[in-house]
Amino acid sequence: MAWRSPVYAFFKRDVKIGFDNGRKYHFFTCAARKCKNHGGVRRYQDSKDRAATSNLKTHALKCFGAAAIDAAFKKTKSSTQNGSVFAAFARQGERPVTVTYRAHNFAILMKAGQPTTTLPSAKTVMRDVKLSFDACRKRLDAILKNHPGQVHFATDAWTSTNHCAFVRWTIHLHHEGNILTFALDLVEVPEVRV
């Protein structure tokens, strides 16, 4: 039996086979981190509707919500079959594409085609970025303090397409056979005087 419906994406791949009073069933385990309805769905194999997916869809609606179900079903009707960001935009159809910074829209976009993906919280991302920044800063500080050669500073100024002027300060050095370039700061120039 081929299981091609998009609703199967909301359940784990390992389908368990069991028996209840002599009746064979397939147990589809819910892929949600916290299942809201008995952990999955039993589909008895001795009934006429043994290939029906309505009970799976009903379960997925409870655990994942209508928006995720609709996105999964629209995906199959689209020519784009992968979970990339570009495919998510292509699935928007004829509607104009708008990008917002609201967390809900961001989560939908990042989970397009992969509803079981979990995204880190904003606090986790903030913590990881700070830890990464601190580690990079300490490493750069050690490289610059122990560098025996010359260190070159440079500035780069430009105007963006929305007529805002920017200046970037960079540092360049030769380290272990490689030329290293680091951006020290980027500042928007509030007023340009000529």
Side-chain angles (χ1 to χ4, degrees), residues 1-139 161:
M1 179 182 300
W3 295 333
R4 293 191 180 106
S5 173
V7 76
Y8 293 111
F10 297 96
F11 296 88
K12 293 184 179 176
R13 292 181 187 263
D14 58 332
V15 177
K16 295 174 179 61
I17 298 173
F19 293 90
D20 182 24
N21 293 328
R23 295 178 66 196
K24 184 179 179 180
Y25 65 84
H26 290 160
F27 185 77
F28 294 87
T29 307
C30 183
R33 278 196 303 173
K34 294 181 182 176
C35 179
K36 299 175 184 173
N37 193 17
H38 308 295
V41 176
R42 281 187 184 185
R43 190 159 71 185
Y44 288 93
Q45 297 302 298
D46 60 355
S47 62
K48 291 180 182 177
D49 63 347
R50 66 177 175 253
T53 59
S54 60
N55 56 352
L56 296 172
K57 187 175 180 182
T58 301
H59 182 98
L61 278 167
K62 291 177 185 174
C63 289
F64 292 95
I69 302 298
D70 291 342
F73 276 85
K74 286 179 185 175
K75 178 184 174 189
T76 60
K77 296 175 184 172
S78 172
S79 61
T80 54
Q81 293 293 323
N82 63 28
S84 71
V85 173
F86 300 108
F89 282 120
R91 282 191 296 275
Q92 293 295 318
E94 299 300 318
R95 294 178 285 158
V97 175
T98 57
V99 178
T100 65
Y101 294 102
R102 284 183 253 151
H104 178 71
N105 289 343
F106 176 76
I108 289 172
L109 182 62
M110 293 296 107
K111 290 183 173 189
Q114 300 173 0
T116 59
T117 301
T118 56
L119 298 176
S121 68
K123 286 184 179 181
T124 301
V125 172
M126 182 176 67
R127 181 199 66 213
D128 291 349
V129 167
K130 284 183 179 180
L131 288 173
S132 178
F133 176 79
D134 289 340
C136 289
R137 186 182 63 191
K138 287 177 185 175
R139 180 151 185 224
T161 55

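Worth saying up front: this structure is predicted, and the values here are computed from it rather than measured. Excluded from the calculations below are hydrogen atoms, water molecules and symmetry mates; all remaining heavy atoms, backbone and side chain alike, are included.
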Value rounded to 0.5 Å, distance of [atom1] in [X] from [atom2] in [Y]:
{"X": "H59", "Y": "I69", "atom1": "NE2", "atom2": "CD1", "answer": "10.0 Å"}
{"X": "F27", "Y": "D20", "atom1": "CZ", "atom2": "CG", "answer": "12.0 Å"}
{"X": "F28", "Y": "L56", "atom1": "CZ", "atom2": "CG", "answer": "5.5 Å"}
{"X": "F11", "Y": "C35", "atom1": "CZ", "atom2": "SG", "answer": "8.0 Å"}
{"X": "Q45", "Y": "F19", "atom1": "CD", "atom2": "CZ", "answer": "10.0 Å"}
{"X": "R13", "Y": "T29", "atom1": "CZ", "atom2": "OG1", "answer": "13.5 Å"}

*Any side-chain heavy atom of R43 within less than 4.5 Å of one from T53?*
yes

*May I ask you to test the K24-D46 pair for a side-chain heavy-atom distance under 4.5 Å?*
no

*Where A32 and F64 come nearest, the two heavy atoms and their spacing*: N-CZ, 3.5 Å

*asked:* If you compare all heavy atoms of R42 against all heavy atoms of N55, which two are closest, and at what distance to 0.1 Å?
replied: O-ND2, 3.7 Å

*With distance as the sole test, does S132 use its side chain to make a donor-acceptor pair with the main-chain N or O of D128 at under 3.5 Å?*
no

_One thing to verify: whether D134 and R137 come together as a salt bridge, which I'm taking to mean a side-chain N less than 4.0 angstrom from a carboxylate O._
yes

